[in-house]
Amino acid sequence: MASIRKEILIEARPEDVWEAVRDFGAVQQRLVPGFVVDTRLDGDVRVLTFANGMVAREVLVDIDEETRRLVYAIVQGRPTHYNASVQVFAEDEGRSRLAWIVDLLPNDLAGPIGSMMDQGVTAIKQTLECRTALR
């Protein structure tokens, strides 16, 4: 099983980063505008449309307010297994560290998924730091 981990330091307060991460139904507005172009909620499932045309159905597994951790899984699509978590950690001087971990099968999807995650963390950092600067 492939396991991909991306971490970024964000110049924003952890509570602000967590507020955006935990908003499961507004990922294209709060975290990754332009990377995700549409999000639709269907119960505990969000249907994401990415800028590259890919569509993913993601099930909300858990939101842990205490540890600032959100877990989701893809239930349809090319991966036979896809489980992911996003967690926000407090850093010094009011900054945050965001850790995004994806475990997936088949292993040959690690390259393309890792590339998409790189684009995603870049969009997250840019979006959240831009909003912090505007305050």
Side-chain angles (χ1 to χ4, degrees):
M1 180 176 308
S3 188
I4 308 164
R5 181 182 185 100
K6 304 290 179 179
E7 288 194 29
I8 54 169
L9 189 63
I10 301 171
E11 299 291 334
R13 298 177 325 143
E15 50 272 14
D16 295 335
V17 174
W18 174 240
E19 182 183 324
V21 167
R22 74 171 313 287
D23 195 350
F24 191 69
V27 74
Q28 89 282 2
Q29 294 139 341
R30 306 281 310 267
L31 283 180
V32 289
F35 177 65
V36 171
V37 296
D38 186 50
T39 304
R40 199 169 39 80
L41 284 180
D42 182 13
D44 281 348
V45 175
R46 70 179 173 193
V47 181
L48 301 179
T49 303
F50 294 86
N52 66 5
M54 188 177 102
V55 176
R57 291 182 57 82
E58 299 176 342
V59 174
L60 178 60
V61 175
D62 187 41
I63 294 178
D64 185 331
E65 299 290 346
E66 188 174 320
T67 63
R68 294 188 186 120
R69 183 173 181 260
L70 182 139
V71 180
Y72 64 94
I74 291 181
V75 293
Q76 291 176 336
R78 236 177 114 205
T80 57
H81 174 85
Y82 185 107
N83 191 73
S85 66
V86 179
Q87 191 164 5
V88 179
F89 300 93
E91 292 290 331
D92 61 338
E93 300 177 20
R95 297 182 293 178
S96 305
R97 181 171 41 91
L98 183 137
W100 184 9
I101 302 168
V102 171
D103 297 318
L104 76 148
L105 288 170
N107 292 337
D108 64 346
L109 292 179
I113 296 295
S115 294
M116 287 184 71
M117 289 173 69
D118 286 336
Q119 293 171 31
V121 294
T122 298
I124 290 168
K125 183 173 176 64
Q126 180 180 4
T127 300
L128 295 176
E129 288 183 350
C130 210
R131 291 196 176 139
T132 298
L134 295 175
R135 289 184 175 183

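Every heavy atom of this structure was used, including side-chain atoms; hydrogens, water molecules and symmetry mates were not.
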Could you tell me which non-hydrogen atom of Leu9 sits nearest to which non-hydrogen atom of Lys125, and how far apart they are?
O-NZ, 2.6 Å

Is Glu129 reaching over with its side chain to a backbone N or O of Glu11, donor-acceptor style, under 3.5 angstrom?
yes

Checking Gln87 side chain against Thr67 main chain: does a donor-acceptor pair fall under 3.5 Å?
yes

Checking Gln29 now: which residues fulfil side-chain hydrogen bond (donor to acceptor under 3.5 Å, both in side chains) with it, not counting sequence neighbours?
none

Verify, without hydrogens or angle tests, whether Asn107 (side chain) and Ala2 (backbone) share a donor-acceptor contact under 3.5 angstrom.
yes

Between Lys6 and Asp118, is there a side-chain heavy-atom distance shorter than 4.5 Å?
yes

For a 4.5 angstrom cut-off between non-hydrogen side-chain atoms, does Thr39 reach Phe24?
no

Side chains of Ile63 and Trp18 in contact at under 4.5 Å (non-hydrogen atoms):
yes

Intermediate values then yes/no, side chain to side chain contact (heavy atoms under 4.5 Å, CB included), Thr127 and Val32
CA-CA 7 Å; Thr127 300; Val32 289; 5.9 Å; no

Would a 4.5 Å heavy-atom cut-off, applied to side chains only, mark Tyr82 and Leu109 as touching?
no

Less than 4.5 Å apart, any side-chain heavy atom of Asn52 and any of Gln119?
no

Answer whether the closest heavy-atom distance between the side chains of Val55 and Val47 falls below 4.5 Å.
yes

Any donor-acceptor N/O pair, Ser96 side chain to Ala12 backbone, under 3.5 Å:
yes

Taking NZ, NE, NH1 and NH2 as the nitrogens, is one of them in Asp62 or Arg69 under 4.0 Å from a carboxylate oxygen of the other?
no

Between Leu105 and Met1 the two heavy atoms that sit nearest each other are CD2-CA, 3.5 Å

Give a yes or no on whether Gln126 atom CD has more than 12 heavy-atom contacts from other residues, nucleotides or ligands under 6.0 Å away.
no

Find out whether Ile4 and Leu104 are in side-chain contact, i.e. whether some heavy atom of one side chain is under 4.5 Å from a heavy atom of the other.
yes

